[in-house]
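Scroll down for the structure; my scribbles are underneath it.
Atoms within each ligand, like the ligands themselves, are counted from 1 in listed order. Only this structure's heavy atoms are used, side chains among them; waters, hydrogens and symmetry mates stay out.
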Amino acid sequence: MRSTAEGLVTPLKSSVLIIDDDEGMARTLSAILAKAGYAVSTAPTGRQGIEVFKTGRDPESLCIVLLDIRLPDLNGVQVLKELKKIDPHVGAIMITGNADMESAVSSLHEGAAAYVTKPYNIDEVKSFIQKAFERQQLIVQNSLLMKQLQNWNVELEKTIHEKTAELKTKNMILLEVVEKLKVLNELKSRFVANASHELQTPMTSILGFSSMLLDYWDKVDHTQITRFLQIIRDEAQRLSRSSRDLLDLSRIQDGKMQLECQKINLKDVANQVAENLRVIKNTVAVDVEFEAGSEEIWSDPDKIRQVFTNLMGNALKYSPDGSNLRVTGKMRGEVVIVSILDQGPGIPADKREKIFEPFYRIHDDVGKRVRGTGLGLSIAKAIVEAMGGVIRVEGQTGKGSNFTFALPKELKSENGNLSA
Ligand code: ADP
């Protein structure tokens, strides 16, 4: 029996093995069956019969064994047991004398298809053989189909297993994305609420003081007019700063910031920024020190200056008069690490991540006194990250802050420009 690629089962050749010590009988039967189209072989003893079945049988053919119950060496039931060990589906027809009825019945228990009694009718034998072949063909066919079914089952289980694992992974990714979207959505809502509040506050002052001037122009004196106008100017400047910072931040976050890279000297930038900031506050001593090799970097000078301005500006804003501000640079492998260490109020541990979020401000005693948009650190963070770096803050509350950012020494695309 052979299964084809389509899984169909085609019939095999049919062979008959006669195991009988009556040589005359075996020869006659063999001639008749060969004439009927079967491939016939014979064996005179049980052991020889088992050997022929084991080695001389065509594996491509179905084999029916005509088996004499009385053999010189083994009895027919024993032989049948051995044959079953070789091929569990073997079809056997037992040949018995009247005296062997008991053995014939037990051979049926051992799985023989039928038994014929000597002297037998040849047509009856042929009909038994035919039926035994049909039965065996069905058995083999069933076992092949069973095997095929088992294979399909294994494949199906494997596919189900794989698909289930795939679905689980996709589900997890989907859940993560949904979580991230939720967080982003919350951030966006908070951002919009904060932004409108930040823009609304100076606007309210400008509207209030300008209306007051218009309504009471003839009732307020020159000093008051000057004070009101100063407030209006300061608030307009704050509004302008906020909207400029907002625009910068959204440009960086949308990936629209263009980095124009060139070789720059970080120490020079830090000194220039310190010089510019001295105009705003000169009561804090600034000390700039860069380790050999850490001064030069390939980056965008304007953006780097903005990072220094925001960090050093904060350090000065929040530091008490007479304190020190140290700006240092060192090399770690291919990375430059810049640190801005002040002696101000420091950042509480639970706020060290939050202060980098847009509009987040610490409203402690110092925070109330110092003005700001709450965008400086988010802009610095966005720039540093767009340059492939990282930024963080350390230091203990009350003992100053240490803002550190690390940047790759070479930030260079093929044409020298990098868009973030
Ligand atoms: P702001 O315009 O309020 O300074 P930032 O984004 O620059 O906005 O800073 C966010 C908050 O982080 C500030 O409001 C301040 O509370 C805190 N902060 C930033 N830098 C320092 C510093 N060097 N020392 C103490 N607090 C700081």
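Counted by atom type alone, Q130 and E134 present one or more donor-acceptor pairs between their side chains at under 3.5 Å.
Counting atoms of ligand 1 from 1 in the listed order, those under 4.0 Å from a heavy atom of I362 are 14 (O), 16 (O). Of all the atoms in ligand 1, the ones that sit under 4.0 Å from a non-hydrogen atom of G374 are 1 (P), 2 (O), 3 (O), 6 (O), 8 (O). Counting the atoms of ligand 1 from 1 in the order shown, those under 4.0 Å from a heavy atom of Y360 are 10 (C), 11 (C). Which parts of ligand 1 touch G376 is read off a 4.0 Å heavy-atom cut-off, strictly below it: atoms 5 (P), 6 (O), 7 (O). Per-residue contacts place L377 under 4.0 angstrom from the following atoms of ligand 1 (heavy atoms of the residue considered): 5 (P), 6 (O), 7 (O), 9 (O), 10 (C), 12 (O), 19 (C). In summary, the atoms of ligand 1 found under 4.0 Å from a heavy atom of I355, numbered by their order in the structure, are 10 (C), 12 (O). Shown in contact with A315 at under 4.0 Å from a heavy atom are these atoms of ligand 1, numbered in order with element: 23 (N).
The distance criterion of under 3.5 Å between nitrogen or oxygen atoms is not met by F403 with respect to ligand 1. Checked against a 3.5 angstrom limit, the closest N/O atoms of P345 and ligand 1 fall outside it. Between I347 and ligand 1, no N or O atom pair is found at a separation short of 3.5 Å.
Between F403 and F356, the ring planes lie perpendicular to each other; the angle is over 60°, past the 30° to 60° tilted range.
Within the model, atoms CG of D87 and CD of Q136 stand 6.5 Å from one another, a figure rounded to the nearest 0.5 Å. Between atom CG of residue D20 and atom CD1 of residue I95 there is a gap of 5.0 Å, rounded to the nearest 0.5 Å. Distance check: R305 CZ to M312 CE gives 12.0 Å after rounding to the nearest 0.5 Å.
Counting heavy atoms under 4.0 Å from ligand 1, residue L311 does not touch it at all. At a heavy-atom distance under 4.0 Å, only side-chain atoms of K317, from C-beta outward, approach ligand 1. Heavy atoms of L375 found under 4.0 angstrom from ligand 1 belong exclusively to the backbone.
Within the structure, every pair that satisfies the ring-ring contact (aromatic ring centres under 6.0 Å, His included) test and touches residues 211-239, not counting sequence neighbours, is listed here: F209-F228.
The shortest distance between side-chain heavy atoms of L316 and I280 does not fall below 4.5 Å. Taking 4.5 Å as the limit, some side-chain heavy atom of L246 sits within range of a side-chain heavy atom of F359.
For V52, the side chain to side chain contact (heavy atoms under 4.5 Å, CB included) partners at least two apart in sequence or on another chain are L17, S41, A43.
A heavy-atom separation below 4.0 Å is not found between N310 and ligand 1.
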